[in-house]
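Just below is one structure, and these are the notes that go with it.
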Amino acid sequence: TGTEQRGASTYYVSTPIYYVNDAPHLGHAYTTVAGDVLTRWHRQRGEKVWYLTGTDEHGQKIMRTAEANGVTPQEWCDKLVEEAWKPLWEHLEIANDDFIRTTQKRHTDRVQEFVQDLYDKGEIYQGGYEGPYCVGCEEYKTPGELLDGEGEFAGQKLCPIHKKPVEMLKEENYFFKLSEYGPRLLEHYENNPDFIQPESARNEVVNFVRQGLQDLSISRSTFDWGVPVPWDDKHVIYVWIDALLNYATAVGYGSDQAKFESTWPASVHLVGKDILRFHAVIWPAMLMANGLPLPGKIAANGWLMVGGEKMSKSNLTGIKPQDLTSHFGVDAYRWYFLRAIAFGQDGSFSWEDFSARYTSELANDFGNLASRVAAMVGKYFGGTLPEATAHGDAEQAVADGLAKAVAEADARIGDELDFAGGIAAVFDFIKQVNGYLTEQEPWKVAKDTSPEGQARLATILYTAAEALRGTAVLLAPVMPATCEKLWASLGAEAHLGPLADQRVQSAGTWGALPAGATVTKGEILFPRLEEPAKG
Ligand code: ME8
């Protein structure tokens, strides 16, 4: 059909663009860190990558928040973007290539053109609609999915996600003929089994579409904080239509054809499962309607939960990432959520679990290994990495372990978005190296001053250092600053160049770190946590 061809030469990943009604919490950071690790991984494969994030600034939710704070919506958005959202992504070492805001002219002009095109093609018509609306979701709800309110909300119907009363909304609006796209969408899901990930999300969407789609109201006339409908300025474009188009407008749709063609379509749209239908149903239908290629994958992450409910800004249950990074550090933070929660599943944050994993896996297994090896190369070889002249079976097992970790992590993280599985493979390897040192006992071998004894000692320490070289490359996308410190402590840059230039494909090639490298005992990678932990 043409829409299924993916030709772009760029590995293009997007996060949702977040509502700026409040500051970001752990949930937003979860999706954004996942995308950062994924794109860093692909950059490390040597691919051309584009990583996009941004903010969703129109609609009633933002307008009401601004009103409640006594400022204009634009002032509110500017303040939140500059003081809360951008600084957090910098703090978390997010290497996004662009940051789109839906109030930017480069976006609003293109949104109008896109919608005008659909109108000209007869995909949009005028009609009326009345139904229960959740401002938290910015979405009409179907009566069947609403919950009965209790207590302060007795007698009212509640949104199943926000647990707040819905409002009855009646409008004369413009409608997109979404109902006509069911068969083509189902065909696309069928022909592209990986289009929606994970499987549970795919099934949910397929079932939803099979029940039949309704046309979608794409304009609002009861408030004006939005992009005007080009042919009828009494209406603004529905915030979700406006928002979804960011993925195209940010990479040159309608403005920079060369860039658009080399970037579009997205390889992966990362989304929370709360907004799956918008991305897996409405968005592809909009693209089909305008003849644009569909994205490669919609990957839904689960929810971080608080007290059994989705952590949310609207319900004031958000925990600020900075509350955790100030205690655990940024890299441990980036690592923890991807390591501890299977991507696609819900998960609960717990201070105890984070502390326990930090201490056992980061400080003890990984950090201690790095500092022990550097200390022994310092003590026994004056800080110059010795040659492995006695490489035998035990060493070969470590070399094979590295190759296996590389292959496993590359497939899991780079292709399957199984971050937990990929990180676990690297930490299994770290355990293997620790086991190797425990068995070889270099501190005892050091007492044997014969040439054979010294050759053994040299070989053991070379092997451990080379294992760390591979580990630094594999963990760099997850813990960039920590791996830079390790790279520096191994003296790797002088021989192999910057860590950022290392390739996944050659990370498992044994013997890359040459004898003669200057190994120094650098900073402690994971300092002991201060006790007692908050929580
Ligand atoms: O939905 N657990 O913006 P939003 C995991 N503007 N992820 C969570 C989470 C949680 N508890 N809470 C939020 C919007 N997220 C729209 C998107 S896209 C064209 C428009 C993450 O500020 C998750 O990725 O409500 C979720 O989809 C997103 O933040 C919602 O952010």
Side-chain angles (χ1 to χ4, degrees), residues 13-36 38 52-62 65 77 80-81 84-85 88-89 94 99-103 107 111 114 134-139 159 161-163 197 201 226-227 237-250 266 268-284 286-287 295 298-321 337-338 340-349 417 419:
V13 176
S14 67
T15 71
I17 49 170
Y18 304 105
Y19 287 127
V20 289
N21 57 315
D22 203 348
H25 61 60
L26 299 187
H28 310 102
Y30 179 57
T31 309
T32 305
V33 168
D36 191 57
L38 180 62
L52 175 70
T53 191
T55 43
D56 191 353
E57 307 189 359
H58 291 128
Q60 275 178 97
K61 174 149 73 176
I62 307 291
T65 307
C77 294
L80 268 277
V81 166
W85 291 83
L88 177 64
W89 301 147
I94 304 302
F99 188 104
I100 181 123
R101 300 181 53 183
T102 55
T103 51
H107 174 73
V111 167
F114 189 99
C134 171
V135 176
C137 295
E138 291 282 14
E139 185 184 17
C159 163
I161 294 177
H162 290 92
K163 311 275 159 56
Q197 184 181 323
V227 181
I237 294 167
Y238 172 39
V239 61
W240 264 103
I241 296 292
D242 168 359
L244 287 164
L245 283 167
N246 92 86
Y247 304 129
T249 62
V268 182
H269 289 308
L270 291 172
V271 300
K273 67 177 187 181
D274 47 328
I275 57 173
L276 177 65
R277 285 182 195 173
F278 290 102
H279 286 82
V281 180
I282 298 174
W283 180 225
M286 284 166 65
L287 292 170
I298 311 294
N301 62 248
W303 286 341
L304 299 187
M305 311 289 277
V306 181
E309 300 280 337
K310 175 183 171 241
M311 182 181 295
S312 114
K313 288 180 291 215
S314 300
N315 291 335
L316 303 177
T317 51
I319 300 174
K320 283 212 303 245
F337 289 95
L338 296 179
I341 300 169
F343 201 68
Q345 311 288 310
D346 292 345
S348 294
F349 160 72
L417 280 65
F419 301 100

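Remember, it's 1-based here, ligands and their atoms both numbered in the order they're listed.
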Q.
For the NE2 atom of His162 and the SG atom of Cys134, what is their distance to the nearest 0.5 Å?
A. 5.5 Å
Q. Just how far is it from atom SG of Cys137 to atom CD1 of Ile161, taken to the nearest 0.5 Å?
A. 4.0 Å
How about [X] and [Y]: does a side-chain donor come under 3.5 Å of a side-chain acceptor?
X: His269; Y: Trp283; result: yes
X: His107; Y: Thr102; result: no
X: Tyr18; Y: Thr32; result: yes

If I apply the N/O under 3.5 Å rule, does [X] come out as touching ligand 1?
X: Asp274; answer: yes
X: Gly27; answer: yes
X: Pro16; answer: no
X: Leu244; answer: no
X: Met311; answer: yes
X: Lys61; answer: no
X: Tyr247; answer: no
X: Ile17; answer: yes

Part of [X] with heavy atoms under 4.0 Å of ligand 1, whether side chain, backbone, both or neither:
X: Leu270; value: neither
X: Lys273; value: neither
X: His25; value: side chain
X: Ile275; value: side chain

(Q) Regarding Lys273 and Asp346, does a basic nitrogen lie under 4.0 Å from an acidic carboxylate oxygen? (A) yes
Q: Using the six-membered ring wherever Trp is involved, compare the ring planes of Phe337 and Phe349 and label them parallel, tilted or perpendicular (cut-offs 30° and 60°).
A: tilted
Q.
Which label fits His28 and Trp85: parallel for a plane angle under 30°, tilted from 30 to 60°, or perpendicular past 60°?
A. perpendicular
(Q) Taking a cutoff of less than 4.0 Å between a non-hydrogen atom of the residue and any ligand atom, is Gly302 in contact with ligand 1? (A) yes
Q.
Tell me whether Trp240 reaches ligand 1 (any heavy atom closer than 4.0 angstrom to a ligand atom).
A. yes
Q. Is the His279-Tyr247 ring centre distance short of 6.0 angstrom?
A. yes
Q) Which atoms of ligand 1 sit under 4.0 Å from any heavy atom of Thr31? A) 21 (C), 23 (C), 24 (O)
**Q.** Proximal atoms of ligand 1 relative to Ala243 (non-hydrogen, under 4.0 Å)
**A.** 19 (C)
Q: Apply salt bridge (charged side-chain N to carboxylate O under 4.0 Å, His left out) to Glu138 and Lys61, showing your working.
A: CA-CA 7 Å; Glu138 291 282 14; Lys61 174 149 73 176; over 6 Å; no
**Q.** Beyond-backbone contact of Val268 with Leu417, side-chain heavy atoms, under 4.5 angstrom
**A.** yes
Q) Which of these, Asp56, Leu26, Leu276, has its nearest heavy atom closest to atom 6 (N) of ligand 1? A) Asp56
